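Values reported hereafter were calculated over all heavy atoms of this structure, with side chains retained and with hydrogens, waters and symmetry mates removed. Note that the structure is predicted; figures quoted are calculated from it, not measured.
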Amino acid sequence: MRSVLSPSALLPPRSGLTRGHQAWRDGAFRATLTACGVSVILLVAAVLVQLIAAAMPAIRQFGPSFLWTVRWDPVHSVFGALTYAYGTLASSLVALILAVPVSLGVAIYLAEIAPAGVSTVLSFVVELLASIPSVILGLWGIFVMAPWLRNAVEPALSRTLGWLPLFSGPPYGIGLLAGGMILAIMLVPIVSSVSREVLKTVPVTQREAAYAIGATRWEVIHRAVLPYGRTGIIGAVILGLGRTLGETMAVTMVIGNRPQISPSLFQPAYTIAAALANEFSEATTDIYVSALIELAMVLFVITLIVNAIARWLVWRLAPRGVVSA
Amino acid sequence: MTPTPRAALRRRLVDRAMTGLSFAAVLLALVPLASVLGYVVAQGITALNWAFFTQLPRPVGETGGGMANAIAGTLTLIGLASCIGLPVGILGGVYLGELGNGRLGGWIRFTADVLNGVPSIVVGIFVYTLLVVPMKRFSALAGGAALGIMMTPLVMRTTEELVRLVPATLREAALALGVPWRVTTLRVVLRTATVGVVTGVMLAVARISGETAPLLFTAFNNQYWQSRLDQPTASLTVQLYNYAIAPYDDWHRQAWAAALVLMTMVLVLNITARLVGRRQVSARRSS
């Protein structure tokens, strides 16, 4: 193989071209690169246009009340998104409540406390969690996590906190709590790795100043580092929220897929993404398909907004950084 | 004002307690990882046999059979996705790294990240309306397109990162020798970044090979060997999903076997890419 830096390897095969030809070819190459870059913008626009077009029959028929109608009745062609929207938001909320404290702890430990070597290895391992395909997490959820919830966690919760409507009713295992927990497991590596990167951008002087006036390590983290990184950490959490809202397989497998709004976390629920996964290939009438596509459009627009906010918050710290998630 | 000993003790205790709590958070985060890996390996190994790799699925009621067609299907889909994701992703990444400092670059970067966050099921439905409806059938092509759309922004952003790490002196040296800009970009810049770009591609392949949702209404599923790209195609993930939610014990065993095969593939790609990538990036940054 010729060396990268040997000039003979670099010169174009037909170096007899005039300067004009070279300029033209450089221009064509530049145009190709630009076209590839611009294609993602066109793609996102195409997704939006295509979804709106396909959802149009449902949008015309149901209008904005689609969003707050509870009834979803394919037999009578009446479609409302509220139970699905509720399931999506509620499962994500449960996930955030479970995952954010843990993720912050992980990020603080890895960025501020652990020695460099330990931090590298542990970061690597925590990020492996993010690489587990969601369908495998769902399989584990069905056969390992849900039985554990049904036999251990939910009975314990209902014995101690059963007077709260949240923890009332029989333990099913499969349900909103299971959906939220599986989402929390997916959230931790994302939120903790982005938060860790955010904490690393906090200037050393910020820490040194706090240490210099006699603060303990926790006081340094709590008073000097976290306030500085607050915006970025909120961005990390919102980024994670964007993922949980659209997560499909693992949730579909453990949330129970029953369209209802119940105060109890033990009860089954249904998310937008799960409804799409289960019902789309079974939809028989045109209006049914169109209503499902309108659900997809709602989900798409929500995740676009959530992601845009998250990127904006995180980017203020590292304008061009690839925040791996 | 000197602090009282009690206050000092309290502050030290709080410090210790919070350190302990954050370490506990790390352990807590590792519990599901260990449990998932443990169960997949333990359950998968007992279910995995030679037939899994060589035979077709059996109908309900008959035990045995395998997922040979699904393994082939997954590889086909990855191949098709790469035909879209690699050229567009790599060239787009070079654009961002070399020319993307203006406003257009900012928009592309932003949209690529947003596209990365679009729910995969929505991508599936988009491709359904775009390809499956006009072709009037589910197909490997549609599945590959859906995965290709997911792969593009991932490859684009990692390529950009790696292209940016190439020292400006290399470009200047080549240009000073009279090498045209496009040749410099392809044969000096991109070539120097090759190892990093390949690791980025491996991560993207690992990610899409575990995707299920975008395949449900595009590649669909198939109990037999698919011979043409415009036919429905089985994949490990969709097959795993169908078997996991079915009420048959034998199918559950097969689902765990599929999980083990898929997980091995994803983890090997991930770990290799991260080990190689880390060394590459740290070497480049310190030089």
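Listed for the T88(A) side chain is a donor-acceptor partner under 3.5 Å among the backbone atoms of I272(A). A donor-acceptor pair under 3.5 Å is formed between the side chain of T192(B) and the backbone N or O of V188(B). Without hydrogens or angle criteria, N307(A) side chain to T303(A) main chain gives a donor-acceptor distance under 3.5 Å. Counting only distance, with no hydrogens or angles, the side chain of H252(B) and the backbone of A246(B) share a donor-acceptor pair below 3.5 Å. Distance alone, capped at 3.5 Å, places no donor-acceptor pair between the R243(A) side chain and the P119(B) backbone. S195(A) contributes no side-chain N or O that, together with a main-chain N or O of S192(A), makes up a donor-acceptor pair within less than 3.5 Å. Side-chain N or O atoms of T74(B) include one that pairs as donor or acceptor with a backbone N or O of L236(B) at under 3.5 Å. No side-chain donor-acceptor contact under 3.5 Å links T159(B) to the backbone of L91(B).
Taking L51(A), I132(A), T32(A) one by one and counting their heavy-atom pairs under 4.5 Å with chain B, the maximum is reached by I132(A). The greatest number of non-hydrogen atom pairs below 4.5 Å with chain B, out of A35(A), P133(A), A54(A), G214(A), is found for P133(A). Taking chain A as the reference chain and counting heavy-atom pairs below 4.5 Å, the highest number among L21(B), L186(B), V40(B) is found for L186(B). Between chain A and the residues R16(B), R12(B), M18(B), the largest count of heavy-atom pairs under 4.5 Å involves M18(B). Each of L37(B), V123(B), V127(B), I149(B) has some count of heavy-atom pairs under 4.5 Å with chain A, and the biggest count is that of I149(B). With respect to chain A, the highest number of heavy-atom pairs below 4.5 Å among I125(B), L104(B), L216(B) belongs to I125(B). Among P87(B), P32(B), A17(B), G89(B), the residue with the largest count of heavy-atom pairs under 4.5 Å with chain A is P32(B). Taking chain A as the reference chain and counting heavy-atom pairs below 4.5 Å, the highest number among T212(B), I245(B), V36(B), T19(B) is found for V36(B). Of all the listed residues (M253(A), E112(A), E219(A)), the one sharing the greatest number of non-hydrogen pairs under 4.5 Å with chain B is E219(A). Among L139(A), V44(A), V289(A), the residue with the largest count of heavy-atom pairs under 4.5 Å with chain B is L139(A). Contact count against chain B (heavy-atom pairs under 4.5 Å) is highest for W140(A) among F300(A), F143(A), F124(A), W140(A).
Contact of A46(A) with chain B is made through backbone and side chain together, with heavy-atom distances under 4.5 Å. Looking at L30(B), the atoms closer than 4.5 Å to chain A (heavy atoms on both sides) all sit in the side chain, from C-beta outward. Heavy-atom distances place both the backbone and the side chain of A296(A) under 4.5 Å from chain B. Interface residue T216(A): backbone and side-chain heavy atoms are both found under 4.5 Å from chain B. Contacts between S131(A) and chain B at a heavy-atom distance below 4.5 Å involve backbone atoms as well as side-chain atoms. Contact annotation for V102(A): both backbone and side-chain heavy atoms come within less than 4.5 Å of a heavy atom of chain B. Looking at I221(A), neither its backbone nor its side chain comes within 4.5 Å of chain B, counting heavy atoms on both sides. With a threshold of 4.5 angstrom between heavy atoms, N278(A) approaches chain B through side-chain atoms but not through N, CA, C or O. Looking at I185(A), the atoms closer than 4.5 Å to chain B (heavy atoms on both sides) all sit in the side chain, from C-beta outward. Neither the backbone nor the side chain of A206(B) comes within contact range of chain A; no heavy atoms are under 4.5 Å apart. If you measure heavy-atom distances from S35(B) to chain A, the contacts under 4.5 Å come from both the backbone and the side chain. For a residue to count as touching a neighbouring chain, one of its non-hydrogen atoms must lie under 4.5 Å from one of that chain's; by this rule V266(B) touches chain A with the side chain only. Heavy-atom distances place both the backbone and the side chain of I271(B) under 4.5 Å from chain A. Looking at S103(A), there are no atoms closer than 4.5 Å to chain B (heavy atoms on both sides), in backbone or side chain. Only the side chain of Y128(B) comes within less than 4.5 Å of a heavy atom of chain A; its backbone N, CA, C and O stay farther away. Both the backbone and the side chain of L276(A) come within contact range of chain B, each with at least one heavy atom under 4.5 Å from a heavy atom of that chain. If you measure heavy-atom distances from T34(A) to chain B, the contacts under 4.5 Å come from both the backbone and the side chain. Heavy atoms closer than 4.5 Å to chain A are found in the side chain of Y39(B), but not in its backbone. Heavy atoms of V188(A) lying under 4.5 Å from chain B belong exclusively to its side chain. Proximity to chain B involves both the backbone and the side chain of I41(A), based on heavy atoms less than 4.5 angstrom apart. In this structure, the portions of T120(A) lying under 4.5 Å from any heavy atom of chain B include both its backbone and its side chain. With a 4.5 Å cut-off on non-hydrogen atoms, F217(B) touches chain A through its side chain but not through its backbone. At a 4.5 Å heavy-atom cutoff, the contact between M263(B) and chain A is made by backbone and side-chain atoms alike. Neither the backbone nor the side chain of L269(B) comes within contact range of chain A, judged by heavy atoms closer than 4.5 Å. The part of T152(B) that comes within reach of chain A is its side chain, from C-beta onward, which places non-hydrogen atoms under 4.5 angstrom from that chain.
No hydrogens or angles considered: nothing links the side chains of T237(B) and E211(B) as a donor-acceptor pair under 3.5 Å. Under 3.5 Å, the side chains of R182(B) and Q22(A) contain a donor-acceptor pair of N or O atoms.
Between R196(A) and E127(A) a salt bridge is recorded (basic side-chain N to carboxylate O distance below 4.0 Å). Contact check on R164(B) versus E98(B) returns no salt bridge, with no Lys/Arg side-chain nitrogen under 4.0 Å from an Asp/Glu carboxylate oxygen.
Ring geometry for H222(A) versus W218(A): interplanar angle under 30°, hence parallel rather than tilted (30 to 60°).
Residues N116(B) and R157(B) form no side-chain contact, since every pair of their non-hydrogen atoms from C-beta on lies 4.5 Å or further apart. Residues Y109(A) and L122(A) are in side-chain contact: their nearest non-hydrogen atoms beyond the backbone lie under 4.5 Å apart.
Looking at every heavy atom in both residues, N221(B) comes nearest to P232(B) through O-CB, 3.5 Å.
The distance from atom OG1 of T271(A) to atom CD1 of I121(B), rounded to the nearest 0.5 Å, is 9.0 Å. Atom OG1 of T111(B) is separated from atom CE of M156(B) by 9.5 Å, given to the nearest 0.5 angstrom.
In this structure, W181(B) has its ring center under 6.0 Å from that of F29(A).
Within 6.0 Å of the CZ atom in R30(A), the count of heavy atoms belonging to other residues, nucleotides or ligands does not exceed 12.
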